[in-house]
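The structure under discussion appears below in the form of C-alpha cells.
Computed over heavy atoms, backbone and side chain alike; hydrogens, waters and symmetry mates excluded. Numbers restart at 1 for each chain; the letters A, B, ... are given by sequence-line order, proteins then strands.
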Amino acid sequence: MLEGRGLNAEQEKAVRTTDGPLLILAGAGAGKTKTITERIVHLVCRGVPAEKILAVTFTNKAAKEMRERIVRALNDERMLNRPLSRGALGTPAPFISTFHGLGVHILKENARVLGITRNFAIFDRSDSIRSIKEAMKQVGVDPKQFEPRRILSAISREKGTGTTAGEYEIEAGNDYFKRTLARVWRVYEQVLAKENALDFDDLLLKAVRLLQADAAVRKHYQSVWSHIHVDEYQDTNDIQYEFTKLLAGEKQNICVVGDIDQTIYSWRGANIDHLLAFEETFPGAHTVILTKNYRSTKTILSAANEIIEKNANRKEKVLVTDNDDGEAIALYGGFDESDEARHVVERAQELIARGTPPQEIAVLYRANFQSRTLEEAFLYAGVPYQVLGTRFFERKEVKDTLSFLRCALNPESSSDFKRIINVPPRGIGKVTLLKILDGKEDTLPPTMREKVSNFKNLLISIKEHALTEKPSKTIKYIITASGLEKQLLTGDDEDKERLENIKELVTLASKYDGFEPREGVEKLLEDAALASDQDSLEKSTDTVKLMTVHASKGLEFDFVFITGLEDGLFPHTSDADENRDTEEERRLFYVALTRARKRVFLSYAATRMIYGSREVNVPSEFISDISSDYIEEGEEGYRDEQERSEFLIIE
DNA sequence: ATCCCATCCATTTTT
DNA sequence: TGGATGGGAT
Ligand SMILES: Nc1ncnc2c1ncn2[C@@H]1O[C@H](COP(=O)(O)OP(=O)(O)OP(=O)(O)O)[C@@H](O)[C@H]1O
C-alpha cells in the first residue's frame, strides 16, 4: 500500500517501523514531515484507530496541513475499498496540534481536578508583560532598573525547564537579581490567578505537573494515545521533552523527527540534547537517517552544506539530491536598505512576469524591523505582498473586540474589564475605574453610575448573544453595540483599516458558527490566543511572502530572497556574544537557504538606518563562506566609488 | 476625563 | 527613525 505514495526506501522503513521508539534524523528537505504524515496514514490503514494517534507540530498551520494531507490520503484509501478501523461516518481524526494546543486540551479536560475554570484566559506576551509590570509595581521594583521584558523572559525560561515560582525562590539564594525576580514572579502568579489566566508556559507546565502528580490522569492519556509523533523535535525545550516522555508511557510508541542543524530556538530554551540523547531516553529505539533531499537544486544544497559544515557543535551528515544544478545563487550589494529593497522587488517582478506565482517567492530577513523598508518598496511597485508576523490577533482593535467577549463571559477577568471599560471613550476614567475595582461603586456621582451601569448592561447583552447566537453574529453585535464601529467610521484612514480588521474578525469567527454558541466562542478565543505567525499564510494566496527566517521554518518556496546579510545583523551579534549564538546564527542561515527549491537571492546594504542614524556595514561572513562557484554577483547599487562617496556626503 | 505634545529609548528571533 | 510614555493644558 505504500507504492505510489512516493516514498524512498529509507522513508518507507520509517513508515513501516510502527512499534517502539523511532528516531528519524535528516537534513533539510529530506521529507521528514512527509514521512511522519505517511506513517500516520500507514498506522490507520494497519488498523490503529485514528483517534489514538497523536502528532505534535511546531505551528497550527503545520498541524492543519498534516491533518488535511492525512484525511485526503485516507479518503483515497477508502476509495480503493480498503477497510478502515471505523466506518465512513464520523471519521475519527488523529489529534494533531502544537504542544501548547495539547496543553490546553488536557487542562480543559481536567479543569476541575486542577481547581481552575474551563474558560481560563490565555495570556499572550503583551498580556504577560502588563501583568509583570503590575506585579513589579506591587512589589515595588523599578521597571527602569529591571526591564519587564527581561523579567518575563527569565521567568519564561525557568518555567520552560519545569521550575515553579516557589522552587525558584528557594534556589535563588542571595543573588540580588534572582531574589528580586523571585519576588516579582510570585506576585505575577497571583495576578494571573486573580485574572483566571494562564500564560504560554503554564499551558505546558501545568499540564506536565498534572501528568506527573496524578497517576490516573497520566494512565488515561497514555491509553488515549497509543502512537505519538513529534515533528521538529530539535527545537523542543525541557518541559516539552518531559511532556513527550510522560505521554509515551510504558508502550513508548513514540516517533520523533528532527535535524540538529535546524535548531533555531535555543534562545528560548530549546535543547538539542533531547534529540541527541533519544536513544538513551528510549532504549531499543530504531534510528532511520534520511539522506536524500527532494527540495532544492544541487547548487543550493552545496552552498547550504558549505555553510553548516563550519559549525563545530554538530554531527557530520550526508545530504544529496538528484535534482539539477539549477541557477547560481544571486548576490546583490545595495548602497542602502531602500536600494536593496528596490532590487528585491525588481527581481521578484521579473520572476512573476516569467510566470512564477507570487506565493512561490519569499523574502526573508533576520529581524522584524527590516520588513518596513521592504514593504514600502513592494507597496510602491504595486507588487502584491503579505508580511507575516504582524499578528492579526495581536492588533489592538482585535484584542479589544475579543476582550469584550471574554469580559462578558467571564466578569472576573479584571484585565479585560480594565481594557475595555473605556473603549471607545465613554467617560469612565482612571479614578472611576479604581473605585469600581475597590467595590466603592455606590460612592460615584449619579451620572457616572448611569454610565457604568450602561456598560454593564452592554456586557450582559453581549453575553446573551454569545450564549445563543452564532459567534460571527456575536462579534458583529459587539462592534456595533460597543460603539467601536461608530468611532472608527468617523476616524481617519488608519481607523478605517482598523474597522476592516474587525470585520475580518467577523469572517474568521464565522468558521466557528457550526459549533454550539458557547463552544464556538470558546474555541475562537482559544485559537486566537494560540495563533502563530505562519497561521495567517492560509489565506491571501497570490502574494509574495515577507517574513523572518524563524517564521519560515518548515516552509518551502521556489524562490527565496535572503536580505540584510550584513555583519552584525545576520549573523546578529549582541554584547553577550557566545559561541552558541554564532553557531545558531549559522543554523538560521542554513534554514533560510534550504527553504528554496529553485533559486536563492542574497543581498545586503552597505549602509543602513539604525535608530535614526546611518550605519556603515560590512557584508556578512556568510556570503564569503559560500564558494564563488555557486555565486553570481549582480551589479552594485552605485555605479562607482565616486557616486558612492557623493551619496555618503549627502547623507 | 481627554487630548496633545515633548521626551526617551530601543531591535533579535516567538508559541 | 518612530512608538511608548508621561506631564500638562483644556
Ligand atoms: N520520496 C519523495 N519523493 C518525492 N518528493 C519527496 C519525497 N519525500 C519528500 N518529498 C518532497 O520534498 C519536500 C520536502 O519535504 P518535507 O517538507 O517533508 O521535508 P522536511 O525534511 O520536513 O524539511 P525541513 O526540515 O526543511 O522542513 C516536499 O515538497 C516533499 O513533498
Side-chain angles (χ1 to χ4, degrees), chain A residues 56-63 97-104 122-126 128-130 133 143-144 147-150 152-153 156-157 159-160 198-205 232 235-237 239-240 263-270 337-338 364-373 376 388-391 393-394 396 421-433 445 447-448 451 526-535 547-553 564 568-577 581 584-585 587-589 591-592 608-615:
Chain A
V56 180
T57 59
F58 205 71
T59 63
N60 298 303
K61 177 177 174 277
S97 155
T98 61
F99 272 115
H100 291 86
L102 180 62
V104 172
I122 301 168
F123 272 14
D124 68 11
R125 210 180 116 84
S126 61
S128 291
I129 297 258
R130 269 208 339 269
K133 282 184 186 157
K144 278 182 186 124
E147 276 178 84
R149 301 176 32 240
R150 298 238 178 284
L152 178 64
S153 70
S156 176
R157 239 166 190 288
K159 282 184 162 187
L198 300 180
D199 68 13
F200 281 137
D201 303 299
D202 285 334
L203 301 179
L204 307 174
L205 185 56
E232 309 278 13
D235 269 326
T236 52
N237 65 16
I239 197 86
Q240 291 167 337
T263 306
I264 55 175
Y265 283 97
S266 61
W267 51 274
R268 70 171 198 205
E337 69 272 27
S338 311
L364 307 183
Y365 37 82
R366 176 68 243 263
N368 278 308
F369 77 90
Q370 299 173 54
S371 69
R372 181 169 302 159
T373 319
E376 278 166 8
L388 272 76
T390 43
R391 263 181 270 181
F393 288 111
E394 283 176 10
K396 183 186 178 301
I421 189 163
N422 210 24
V423 175
R426 47 173 72 80
I428 306 174
K430 219 157 121 197
V431 181
T432 312
L433 178 60
T447 47
M448 196 53 93
K451 284 180 188 166
E526 178 185 322
D527 289 350
L530 296 180
S532 77
D533 277 349
Q534 283 187 10
D535 298 343
M547 69 190 93
T548 62
V549 182
H550 281 92
S552 75
K553 182 184 174 87
L569 182 60
F570 197 7
H572 191 277
T573 44
S574 61
D575 341 316
D577 204 16
D581 289 339
E584 181 140 318
E585 292 297 310
R587 291 194 291 267
L588 196 55
F589 186 55
V591 168
R608 184 180 292 274
M609 210 56 138
I610 308 254
Y611 301 147
S613 67
R614 194 151 283 283
E615 305 274 319

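Looking at the side chain of Asn422(A), the nearest of the listed nucleotides dT2(B), dT12(B), dT14(B) is dT2(B). Here the side chain of Thr548(A) is nearest to one of dT2(B), dT15(B), dT14(B), namely dT14(B). Of the candidates dT11(B), dT15(B), dA1(B), the closest approach to any side-chain atom of Met448(A) belongs to dA1(B). Taking the side chain of Ala367(A) as heavy atoms from C-beta on, and the options dT12(B), dA1(B), dT2(B), the nearest nucleotide is dT12(B). Distances were taken from every side-chain heavy atom of Arg372(A) (C-beta onward) to each of dT2(B), dG2(C), dT15(B); the shortest belongs to dG2(C). Comparing dT14(B), dT1(C), dT12(B) by their nearest atom to the side chain of Arg366(A) picks out dT12(B).
Aromatic rings from Phe99(A) and Phe200(A) are positioned such that their centres are separated by 6.0 Å or more.
Separating the CZ atom of Arg150(A) from the P atom of dA10(B) is a distance of 9 Å, rounded to the nearest angstrom.
Under the stacking criterion of a centre-to-centre distance below 5.5 angstrom and an interplanar angle below 30°, Phe99(A) is not stacked against the six-membered ring of dT15(B). Judged by ring centres under 5.5 Å apart and planes tilted less than 30 degrees, His572(A) stacks against the six-membered base ring of dT12(B).
When the P atom is compared between dA4(C) and dT13(B), the two are found 15 Å apart, to the nearest whole Å.
Asn368(A) comes within 4.0 angstrom of the backbone, heavy atoms only, and of no base. Nucleic acid contact class of Lys451(A) (heavy atoms, under 4.0 Å, all strands): none. Looking at heavy-atom distances under 4.0 Å, Arg149(A) makes contact with sugar-phosphate atoms alone, never a base.
Pairing for dT11(B) is absent, with no Watson-Crick or G-U wobble pair whose two atom distances lie under 3.5 Å.
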